[in-house]
Amino acid sequence: MKFETLILLISFIISIILGVIIIPILRKLKVGQIERDDGPQSHLKKQGTPTMGGIIMIISMILVITGTYIFFTSIGKSEIANKLLPVLLLTIGFGLIGFIDDFKKLVLKNTEGLKPSYKMLGLLIISVTYVIYLVYGLNIGTDTYIPILKQFINVPMFFYIPFAIIVILATTNAVNLTDGIDGLSSSVSSIIVTCLTIIGIIFGIQEISIFGSVVIGVTLGFLMFNLHPAKVFMGDTGSLLLGGVISAMALYLKIPLILIVIALIPVLETLSVIIQVAYFKRTGNRIFKMAPLHHHFELSGWKENKVVIIFSLITLILCVIGLKII
């Protein structure tokens, strides 16, 4: 526990230092946010705010986990060190796909960015690789924890693999949709990752408790620049990275079903988009003033800070419930 606290603080400091260095560079390169004309009018003033800030998180995670790997190897704990790398590679891989998308849109000025089919293919390849690693590389099996029953059940392989892949893809896209208000995705994600890290400590899975601590520190450091009014946005680089983190940790701990509870806000954000599109195609009318859900509350008169605080408090309460039913 002492090491996790130390590594969290180190990650937090490194993230802040990199933020101070990288944000002016992004501003100089004019890698600015592009706001929708049909969105909340208050967002128009954000036009030009540096984005692709997820780079701060990626570099911070690589530096800290590489340092942790070297440290654990030097003290004879290479097994834990080696288990950190695949989880890091999955999350960095998702972050890089987001980076390519952001880079094409914002630097190369290609409004389409990375083609959706290529983007989904990249996410799918990384997801499949990670699930195969868990099942066949680590041999963790297909046991999945059922929170209400408080027991593990053995899921048939033919069902578990596609299920796990769907969990990863759904989570990354859900967190991506949650990123739309200053500090929202980073706040909600940091609470969810904290919950998963605590579960890792309870289960005695040190590689996950260490990895989670690094992510918490990095995300909180980034949040210092991302709170309203944001000095930088994470872009797809950061949101896909955080989605990868959450899904990777949940699957490693064999508790993907707990995400329905602790990640309810991203789930509702996703459902609001699906419902909005389906209802509009069927009737030509809208259920929400705007989707994802956070924009509906904004257009209903809520200030950005209020949305972030309420959504974060809800996530915190749900995470406490999640810990109770584990």
Side-chain angles (χ1 to χ4, degrees), residues 58 61-62 64-66 68-73 76-98 100 117-147 149-175 192-193 195-197 199-215 240-260 262-263 326:
I58 289 179
M61 286 175 62
I62 291 173
V64 179
I65 292 179
T66 300
T68 304
Y69 176 85
I70 294 170
F71 172 73
F72 270 84
T73 302
K77 293 186 176 181
S78 56
E79 184 179 352
I80 293 175
N82 291 333
K83 288 179 178 179
L84 284 170
L85 297 182
V87 188
L88 174 66
L89 291 175
L90 167 77
T91 55
I92 297 303
F94 277 7
L96 287 178
I97 290 174
I100 294 169
S117 57
Y118 292 165
K119 190 174 182 178
M120 187 55 66
L121 178 62
L123 296 175
L124 180 62
I125 290 172
I126 297 171
S127 302
V128 171
T129 303
Y130 181 72
V131 173
I132 290 175
Y133 163 76
L134 288 180
V135 175
Y136 296 106
L138 283 181
N139 293 314
I140 67 170
T142 61
D143 292 347
T144 301
Y145 191 76
I146 309 298
L149 300 178
K150 293 196 173 185
Q151 66 180 31
F152 288 92
I153 64 166
N154 187 268
V155 180
M157 188 73 72
F158 71 86
F159 180 80
Y160 178 81
I161 290 179
F163 166 72
I165 292 168
I166 290 170
V167 167
I168 297 174
L169 296 176
T171 306
T172 51
N173 281 286
V175 174
I192 295 170
V193 173
C195 179
L196 292 170
T197 303
I199 294 172
I201 293 171
I202 293 170
F203 285 4
I205 304 178
Q206 194 173 11
E207 58 269 25
I208 287 298
S209 63
I210 291 171
F211 180 78
S213 298
V214 172
V215 176
L240 292 182
L241 171 81
L242 289 175
V245 165
I246 292 168
S247 57
M249 291 178 69
L251 286 169
Y252 201 107
L253 293 167
K254 301 184 179 182
I255 53 168
L257 295 179
I258 201 71
L259 294 179
I260 298 172
I262 67 174
I326 281 294

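Atom set for the values below is all heavy atoms of this structure, side chains included, hydrogens, waters and symmetry mates excluded. All of these numbers come straight from a predicted model, not from anything done at the bench.
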> Are Asn173 and Met120 close enough, and set up right, to give a side-chain contact (heavy atoms from CB on, under 4.5 Å), and what steps lead you there?
Replying inline: CA-CA 10 Å; Asn173 281 286; Met120 187 55 66; 4.1 Å; yes
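- Taking the side chain as every heavy atom from C-beta outward, Ile126 and Tyr130 never approach each other to under 4.5 Å.
- Remark: Ile192 CD1 to Thr197 OG1 distance equals 11.5 Å, nearest 0.5 Å.
- A donor-acceptor pair under 3.5 Å links the side-chain atoms of Thr142 to the main chain of Val155, judged by distance alone.
- When side chains are defined from C-beta on, Ile255 counts as touching Leu196, because their heavy atoms get closer than 4.5 Å.
- Residues Ile140 and Tyr252 approach most closely at CD1-O, 4.4 Å, considering heavy atoms.
- Thr129 contributes atom OG1, which lies 9.0 Å from atom CD1 of Ile165 (distance to the nearest 0.5 angstrom).
- Thr91 places a side-chain heavy atom less than 4.5 Å from the side chain of Phe211.
- Rounding to the nearest 0.5 Å gives a distance of 4.0 Å between CD1 of Ile146 and CD1 of Ile153.
- In this structure, OG1 in Thr172 is found 5.0 Å from CZ in Phe94, a value given to the nearest 0.5 Å.
- Closest non-hydrogen pair, Leu90 versus Ala248, comes out as CD2-CB, 3.1 Å.
- The two atoms that bring Gly243 and Val175 nearest to each other are CA-CG2, 3.8 Å, heavy atoms only.
- Taking both residues in full, the closest heavy atoms of Ile208 and Met249 are given as CG2-CE, 3.8 Å, listed atom of the first, atom of the second, then distance.
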>> Test side-chain contact (heavy atoms from CB on, under 4.5 Å) on Lys77 and Phe71; report intermediate values, then the result.
In response: CA-CA 9 Å; Lys77 293 186 176 181; Phe71 172 73; over 6 Å; no
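- A pairwise comparison of heavy atoms in Pro256 and Phe163 identifies CG-CE2, 3.8 Å as the closest pair.
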> Passes side-chain contact (heavy atoms from CB on, under 4.5 Å), Leu88 versus Tyr69? Steps please.
Replying inline: CA-CA 11 Å; Leu88 174 66; Tyr69 176 85; over 6 Å; no
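- The CD1 atom of Ile326 sits 4.0 Å away from atom CD1 of Ile199, with the distance rounded to the nearest 0.5 Å.
- Applying the ring pair (Phe, Tyr, Trp, His ring centres under 6.0 Å) criterion to Tyr145, with sequence neighbours excluded, gives Phe152.
- Contact annotation: the side chain of Ile100 never approaches that of Tyr118 to less than 4.5 Å [non-hydrogen atoms, C-beta and beyond].
- The shortest heavy-atom contact between Val131 and Ala164 is CG2-CB, 3.7 Å.
- Rounding to the nearest 0.5 angstrom, the gap separating the CD1 atom in Ile92 from the CG atom in Leu241 is 5.5 Å.
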